[in-house]
Peer 1: 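The structure follows.
Chain letters run A, B, ... following the sequence lines, proteins first and then strands; every chain starts at 1.
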Protein chains: 2
Amino acid sequence: MTYTHAMETRNTLKIDTDQDIASQLRKVGITPTQQRVQIAEILFARPQHMSADQVLALVNRDGPTASKATIYNTLGLFARKGLVREVIVDPSKVFYDSNTTIHHHFFNVDTGELTDIPADDLILNNMPELPPGTESAGIDVIFRIRSRDARH
Amino acid sequence: MTYTHAMETRNTLKIDTDQDIASQLRKVGITPTQQRVQIAEILFARPQHMSADQVLALVNRDGPTASKATIYNTLGLFARKGLVREVIVDPSKVFYDSNTTIHHHFFNVDTGELTDIPADDLILNNMPELPPGTESAGIDVIFRIRSRDARH
DNA sequence: CAAATTTCTAGACTTGGTCGAAACTGATGA
DNA sequence: TCATCAGTTTCGACCAAGTCTAGAAATTTG
Ligand SMILES: [Mn+2]
Ligand SMILES: [Mn+2]
Ligand SMILES: [Zn+2]
Ligand SMILES: [Zn+2]
């Protein structure tokens, strides 16, 4: 278990009050504004993969709460701070993954569905040496799948 | 070695005349038009990763040869026919990989550079079972790296 | 309350796709 | 061999979605 404090807390504590979320955000150096707290509430309600558009729609379900620009700013901020993981599998949009523990993905190219594969279900051996002067920024393993009945 | 005939030929034959390329295209059921031959010439000159925009620029370097629409149509066609592999690593654009043998990638998130890792340098063990009713459409393994000096 | 930060609206920008008209390809048969 | 013609491909000119900017207005912090 080597994930960050913020992540570990998120994965072990039940977060359901704005107080909790606000302090979580403060811990990673993010000022907890109303918009950020709402976005975090939605995102961290459970491990899930959401697009910016989905977050926007959910945040504003009952009346306007945050603008599109704020959604993008906030998701980018959360990603930089390590609260969410950006998953690049679909050229048309980024998925924000609220599960930041190490794991891999199935991506159904027919349905666009993205699902998790626990890290220990797959073992990588013989990992390549990184090119000189570089350091790891994460490993993505994506099993692209297709619904078997889908028009060939 | 289980790649398709077209691929194997590309990897073993030196292709430098339009005749060669035209017959390669015919073999996979693609009518070899002038635009398609030019695009193929550029793409298959060597194993490389190119964006649609890069192909467009190179094809039209000395005078207009193919329109943007044709570039996108052709790259999509080549991908469907298995002549190139789409690599999704950068949310802002698709890379078309003229190397269709099984292999993995380093992606430098600072420079946008994409480089190959030979398949046998990495071994995947304990591969997960595919979800019921699905079949594989490819496995992507991407080592995201960062230049070590890059601003934190 | 003032300074610093954040949000918002509006619009720009990029990748990639669509549409209908014009050009091309390749099979046919005179 | 060549004209013809149906089917295919290309093209320019939009268009759409996702994402990012800019500057003004609002909010947060101390
Ligand atoms: Mn797109
Ligand atoms: Mn982008
Ligand atoms: Zn995930
Ligand atoms: Zn490659």
Side-chain angles (χ1 to χ4, degrees), chain A residues 18-19 21-23 25-42 49-60 63-81 83-84 86-96 109 112 114, chain B residues 18-19 21-23 25-42 49-60 63-81 83-84 86-96 109 112 114:
Chain A
D18 288 4
Q19 262 318 310
I21 291 196
S23 52
L25 293 180
R26 273 202 198 86
K27 268 180 203 154
V28 295
I30 295 176
T31 305
T33 65
Q34 203 160 128
Q35 288 85 340
R36 287 167 177 174
V37 169
Q38 299 238 42
I39 292 168
E41 261 176 18
I42 283 173
H49 310 108
M50 300 186 80
S51 67
D53 242 37
Q54 286 179 299
V55 174
L56 177 64
L58 264 185
V59 164
N60 295 329
T65 299
S67 69
K68 198 171 50 156
T70 298
I71 300 293
Y72 279 102
N73 286 342
T74 302
L75 290 174
L77 176 67
F78 283 8
R80 274 196 313 283
K81 295 294 187 175
L83 299 183
V84 294
E86 293 182 335
V87 181
I88 317 292
V89 281
D90 182 333
S92 74
K93 58 172 167 282
V94 174
F95 282 105
Y96 293 88
V109 297
L114 186 65
Chain B
D18 289 4
Q19 262 319 310
I21 291 195
S23 53
L25 293 180
R26 274 204 197 84
K27 268 180 204 153
V28 295
I30 295 176
T31 304
T33 65
Q34 203 159 126
Q35 288 83 344
R36 287 167 177 174
V37 169
Q38 299 239 42
I39 293 168
E41 260 176 19
I42 284 173
H49 310 106
M50 300 186 79
S51 67
D53 241 37
Q54 286 179 298
V55 174
L56 178 64
L58 264 185
V59 164
N60 294 330
T65 299
S67 68
K68 194 173 56 154
T70 298
I71 301 292
Y72 279 104
N73 286 342
T74 301
L75 290 173
L77 176 67
F78 284 8
R80 273 196 315 283
K81 297 291 188 177
L83 299 182
V84 295
E86 294 183 334
V87 181
I88 317 291
V89 281
D90 182 332
S92 73
K93 59 172 164 282
V94 174
F95 283 106
Y96 293 89
V109 298
L114 186 65

Peer 1: Using rotation axes that map the C1' atoms of four end pairs onto the next four (five pairs an end), what angle separates the end axes of the helix from C/dC1-D/dG30 to C/dA30-D/dT1, to 10°?
Peer 2: 30°
Peer 1: Closest approach of B/F95 and B/G112, non-hydrogen atoms and distance?
Peer 2: CZ-O, 3.9 Å
Peer 1: Give the rounded distance in Å between these two atoms: CG of A/L25 and C1' of C/dT5.
Peer 2: 15 Å
Peer 1: List the protein contact pattern of nucleotides 5-13 of chain D with one symbol per nucleotide (5' to 3'): B for base contact, S for sugar-phosphate-only contact, - for none; contact means a heavy-atom distance under 4.0 Å.
Peer 2: ----SSBB-
Peer 1: Between B/R26 and B/A52, which has a closest nucleotide on DNA chain C that is more 5'?
Peer 2: B/A52
Peer 1: Rounded to the nearest angstrom, tell me the gap between atom CE in A/M50 and atom P in D/dT19.
Peer 2: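 Value for this atom pair: 13 Å.
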Peer 1: Is B/Y72 close enough to C/dG17 that one of its side-chain N or O atoms is under 4.0 Å from OP1 or OP2 there?
Peer 2: no
Peer 1: Measure the distance from CG on B/L75 to C1' on C/dG16 and round it to the nearest whole Å.
Peer 2: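 That distance rounds to 11 Å.
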Peer 1: Under the criterion side-chain contact (heavy atoms from CB on, under 4.5 Å), which of B/T65, B/N73, B/L77, B/V55 is the partner of B/I39?
Peer 2: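 Between B/I39 and the candidates, side-chain contact (heavy atoms from CB on, under 4.5 Å) is satisfied uniquely by B/V55.
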Peer 1: In whole Å, I'd like the distance from the CG atom of A/L56 to the C1' atom of D/dC20.
Peer 2: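 It works out to 15 Å between those atoms.
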Peer 1: Rounded to the nearest angstrom, tell me the gap between atom CZ in B/R80 and atom P in C/dG17.
Peer 2: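 Distance check: B/R80 CZ to C/dG17 P gives 10 Å.
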Peer 1: What is the distance, rounded to the nearest whole Å, between atom NZ of A/K93 and atom P of D/dA17?
Peer 2: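 So the NZ-P distance, A/K93 to D/dA17, works out to 12 Å.
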Peer 1: Tell me, do B/M50 and B/V84 make a side-chain contact under 4.5 Å, heavy atoms counted?
Peer 2: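 B/M50 vs B/V84: side chains apart.
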Peer 1: Of all residues at least two apart in sequence or in a different chain, which pass the side chain to side chain contact (heavy atoms under 4.5 Å, CB included) check with B/T70?
Peer 2: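 By the side chain to side chain contact (heavy atoms under 4.5 Å, CB included) rule, B/T70 matches B/Q35, B/A66, B/S67, B/T74.
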Peer 1: How far does CG of A/L58 sit from CD of A/E41, to the nearest 0.5 angstrom?
Peer 2: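 If we round to the nearest 0.5 Å, A/L58:CG and A/E41:CD are 11.5 Å apart.
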Peer 1: Can you name the closest pair of heavy atoms from B/G29 and B/K81 and give their distance?
Peer 2: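 Smallest interatomic distance, heavy atoms only, reads O-NZ, 4.1 Å.
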Peer 1: Would you check if there is a donor-acceptor pair between the side chains of B/S92 and B/D90 at a distance under 3.5 Å?
Peer 2: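 Indeed, the side chains of B/D90 and B/S92 share at least one donor-acceptor pair under 3.5 Å.
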Peer 1: Are side-chain heavy atoms of A/F78 and A/L25 found at a separation under 4.5 Å?
Peer 2: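 With C-beta onward as the side chain, the pair touches.
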Peer 1: Can you name the closest pair of heavy atoms from A/V94 and B/P91 and give their distance?
Peer 2: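 That closest heavy-atom pairing would be CG2-CB, 3.6 Å.
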